[in-house]
Asks: 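Below is the structure I would like to discuss, written out as structure tokens.
Quick caveat: nothing in here was measured; it's all calculated off a predicted structure.
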Protein chains: 2
Amino acid sequence: MSNATPSRPTSRDVARRAGVSQATVSLVLRERWRGRVSPARAAAVREAVRELGYRPNLAARTLRLGRGRTALVVVPALTNEFFARMHAGAVRVAAEHDVGVVLYSPPTGIGRAADPFASAGATLDGVLASSMAAEALAALSGDGMPLVMLDSEPGDGAAATVNPDIATGMRLVVRHLLDLGHRRFAHIAADVPSWTFGVRARVLADELATVPGARLVTTERAPIDVTGGLLAAERALADAHRPTALVCDDDLQAAGACKAARRLGIRIPDDLSVTGFDDLAVATAVEPELTTVSLPAEELGAAGMRALLAALAGERGGTTVLPVTLTPRGSTAPPPPAGGRTNAPAP
Amino acid sequence: MSNATPSRPTSRDVARRAGVSQATVSLVLRERWRGRVSPARAAAVREAVRELGYRPNLAARTLRLGRGRTALVVVPALTNEFFARMHAGAVRVAAEHDVGVVLYSPPTGIGRAADPFASAGATLDGVLASSMAAEALAALSGDGMPLVMLDSEPGDGAAATVNPDIATGMRLVVRHLLDLGHRRFAHIAADVPSWTFGVRARVLADELATVPGARLVTTERAPIDVTGGLLAAERALADAHRPTALVCDDDLQAAGACKAARRLGIRIPDDLSVTGFDDLAVATAVEPELTTVSLPAEELGAAGMRALLAALAGERGGTTVLPVTLTPRGSTAPPPPAGGRTNAPAP
DNA sequence: CAGCGGGCGTTATACGTAAAACTTCCTGGG
DNA sequence: CCCAGGAAGTTTTACGTATAACGCCCGCTG
């Protein structure tokens with residue numbers, strides 16, 4: 001177990017053991033030996049590799065090849081379940097292709113974009129970035145490093161973009177509520193600038209504009225957490241012309257909104273309908289369960305990584321849009337009878 | 001934008017530009033120039049570095065030095081909020097010390113431990129592993145790679161171990177319930193083998209044993225999610241001799257348990273007390289909010305990374321235990337008056 | 001004045017791998 | 001019989017960095 005040399009075996013050690021030259025070992029291991037090395041020797045090399053437990057030194061390989069097999073994944077916040085799931089999908093695909101993943105999560109929002117590249121530097125082959133601002137692109141595209149954007153504004157700098165069909169998701173939510181009879185809406189919006197939230201706000205407004213009498217009473221910006229949703233809902237419901245439907249940008253906010261309503265004695269879904277977004281674990285943890293939009297988070301990350309691998313291989317991909325579905329649950333229902341009026345006549 | 005040579009500048013390019021040799025550049029950049037390079041030349045080198053936007057090639061540096069500045073972090077499942085927060089803490093500390101982080105999350109539970117080392121190989125300097133089985137140690141300790149365990153059984157193979165004070169956490173939960181008057185308990189336990197869950201079960205049993213009349217009616221194993229907790233609670237509450245307190249290993253399970261109870265017409269906390277563990281976001285999303293144990297997840301990851309950095313520097317650390325706190329909320333209360341009897345008299 | 005040590009720099013080499021360039025041997029066709 | 005050409009290897013070199021080993025020059029001292 002403990003030899004004189006506890007250091008890792010090199011390809012030269014393998015060569016010595018197999019009785020061949022180091023070059024031959026390299027040829028065999030790189031599967032470049034068709035018509036270059038006899039099958040018998042190749043087998044001997046592989047046997048020696050097995051016996052010594054040899055693993056190629058990645059630093060040396062990367063140095064020699066000019067590129068490694070490592071992708072940088074940038075996510076704003078891993079503690080957000082959606083990003084975590086996206087990341088899991090990306091890591092899974094990367095692992096399948098024997099590509100390592102280095103994670104970068106900006107300490108304070110989307111800020112200093114140069115840092116991760118300084119630390120992971122030349123060993124990186126590509127970048128998979130989620131929900132990032134455009135200025136971060138500049139630092140990268142100049143380096144000729146393939147960049148795939150996830151959940152972001154499709155732009156020129158990226159080799160490819162993979163997005164969930166947010167527009168359709170929000171459209172389904174609004175239609176669902178309109179079909180139930182709702183006309184007075186409030187939007188609890190995420191307080192961070194991001195493509196996905198921009199789309200949600202725009203589609204919400206657009207859809208309401210197509211229905212006479214329907215209107216957006218108020219938009220409240222809030223952090224993406226339970227407390228944020230709670231406080232925002234309190235503000236939204238304080239309005240005399242109270243909305244009957246609360247459209248939230250996130251399930252956590254929706255859960256908070258439900259708490260706020262209950263504290264005000266407003267029943268869900270009888271008096272107020274609430275919708276979330278993303279279909280996180282919390283959506284089925286609360287009561288009533290949240291009507292929400294299910295996003296294929298894992299598949300999004302997986303597709304993003306596949307696009308990045310394709311880009312590394314030279315292919316140039318466009319924008320991929322993944323389908324989303326509306327998942328109706330218990331937090332939405334027709335508005336109360338007086339839903340159309342301000343002062344409700346008692347039945 | 002597009003030069004003849006789009007490739008990264010090397011230290012030789014910097015040397016040429018500054019009118020010095022490549023060795024001098026290296027000396028300046030490594031801060032090894034005290035009495036070796038004149039301040040004027042050093043400044044010139046730094047100027048050239050700035051102008052060219054030079055970044056050292058990490059692969060070459062790693063190859064030369066025999067070690068890099070990269071740590072492997074192994075977590076069972078990033079989509080678990082607790083692990084995500086732990087990981088965030090570890091990444092933060094690593095970034096502060098200019099150390100890169102490679103993430104490995106086993107595709108299927110805690111399984112093949114050799115894989116990540118194959119893919120990240122020789123460039124790794126140390127490993128920070130969470131909730132891993134002991135056999136994974138073997139593959140590593142032999143390589144002489146420092147290993148720090150998080151949230152795991154303190155063992156010999158690791159350079160250091162950092163754990164939350166799970167025993168105290170569970171003790172606080174049980175005392176809290178006992179003080180409220182509960183005597184019939186059920187345990188909804190995580191169905192994965194892990195140090196932390198073993199401790200919880202043991203402490204729960206031990207504490208109940210110290211109080212005459214107190215007993216554990218049943219232990220139900222369940223996956224760590226809402227549905228798992230829901231189904232387990234249904235089983236636990238089907239018992240004729242129904243428990244008055246449900247101790248869950250995780251907040252998600254506790255949330256599911258609350259749903260199950262409500263479906264059975266059991267009020268929380270009036271008829272049944274439920275406790276969670278970890279203090280995840282869901283704990284305050286549900287109603288009533290969950291009484292739970294707050295674990296310092298970020299700090300755990302941060303302390304683990306600090307221990308790993310210390311180990312890389314040659315220091316040998318022991319076991320660090322981080323304090324936890326009980327966070328009482330609305331899901332616990334004294335048992336109903338008939339709590340001691342099986343057939344409750346209708347009031 | 002010769003020697004010599006210290007400040008300032010350069011040249012040369014090693015890390016482990018990949019692959020181009022080269023050598024050797026063998027077979028078959030003209 | 002001789003040579004083209006391919007199979008089967010080996011030798012050599014390059015990747016970019018860090019540092020050991022080596023000069024050179026200047027001022028100081030015996």
Side-chain angles (χ1 to χ4, degrees), chain A residues 5 7-45 48-49 52-70 98 118 120-125 143, chain B residues 5 7-45 48-49 52-70 118-125 143:
Chain A
T5 318
S7 67
R8 234 186 197 67
T10 72
S11 61
R12 221 174 310 262
D13 296 327
V14 174
R16 199 149 28 224
R17 176 135 191 158
V20 300
S21 74
Q22 179 266 329
T24 302
V25 173
S26 182
L27 288 173
V28 171
L29 262 56
R30 299 275 298 173
E31 306 280 351
R32 288 280 162 80
W33 57 286
R34 248 140 280 263
R36 311 264 300 135
V37 178
S38 67
R41 293 239 158 164
V45 167
V49 164
L52 295 175
Y54 167 77
R55 295 272 162 217
N57 180 323
L58 276 209
R61 170 173 289 180
T62 299
L63 177 58
R64 185 64 241 260
L65 294 178
R67 70 204 162 71
R69 296 192 63 76
T70 306
D98 200 32
T123 58
L124 293 177
D125 301 304
D143 288 354
Chain B
T5 317
S7 67
R8 232 185 199 68
T10 72
S11 60
R12 219 174 312 263
D13 297 327
V14 173
R16 200 152 24 228
R17 175 132 192 161
V20 299
S21 73
Q22 179 266 329
T24 301
V25 174
S26 183
L27 287 174
V28 171
L29 262 58
R30 297 275 299 173
E31 307 279 351
R32 287 280 164 79
W33 56 287
R34 249 140 279 262
R36 313 263 300 134
V37 179
S38 68
R41 294 235 155 165
V45 167
V49 164
L52 295 177
Y54 167 77
R55 294 273 161 216
N57 180 323
L58 275 211
R61 171 174 287 182
T62 298
L63 177 58
R64 182 64 238 258
L65 293 178
R67 72 209 160 69
R69 295 192 63 76
T70 306
S119 100
T123 58
L124 293 177
D125 301 304
D143 288 354

Asks: Only pairs at least two apart or in different chains count here, so list each salt bridge (charged side-chain N to carboxylate O under 4.0 Å, His left out) that has a residue in residues 36-45 of chain A.
Replies: none
Asks: For the helix from C:dC1-D:dG30 to C:dG30-D:dC1, what angle lies between the axis at the first five pairs and the axis at the last five pairs, to 10 degrees?
Replies: 80°
Asks: Where along nucleotides 7-20 of chain C does protein come under 4.0 Å, by heavy atom, of base (B) or sugar-phosphate alone (S), with - for untouched nucleotides?
Replies: SBBBB--BBBBBB-
Asks: May I have all residue pairs that pass side-chain hydrogen bond (donor to acceptor under 3.5 Å, both in side chains) and include part of residues 23-34 of chain A, sequence neighbours excluded?
Replies: A:S21-A:T24
Asks: Which heavy atom of B:V45 sits nearest a heavy atom of B:V14, and at what distance?
Replies: O-CG1, 4.0 Å
Asks: Measure across A:V25 and A:S11 and return the closest heavy-atom pair with its distance rounded to 0.1 Å.
Replies: CG2-O, 3.8 Å
Asks: Which nucleotide of DNA chain D is the first, and which the last, in the 5' to 3' direction, to come under 4.0 Å of a heavy atom belonging to chain B?
Replies: D:dG16 to D:dA21
Asks: Are any non-hydrogen side-chain atoms of B:N57 and B:T10 less than 4.5 angstrom apart?
Replies: no
Asks: Taking all heavy atoms of B:L52 and all of B:P9, pick out the closest pair and write down the distance.
Replies: O-CG, 3.6 Å
Asks: Give the minimum heavy-atom separation between A:V37 and A:A42, together with the two atoms involved.
Replies: CG1-N, 3.9 Å
Asks: Could you pull out all residues at least two apart from B:R17 that satisfy side-chain hydrogen bond (donor to acceptor under 3.5 Å, both in side chains)?
Replies: B:E51
Asks: With A:A44, which residues qualify under side-chain contact (heavy atoms from CB on, under 4.5 Å), at least two apart?
Replies: none
Asks: Got a sec, which residues hit salt bridge (charged side-chain N to carboxylate O under 4.0 Å, His left out) with B:R16, two or more places apart in sequence or on another chain?
Replies: B:D13
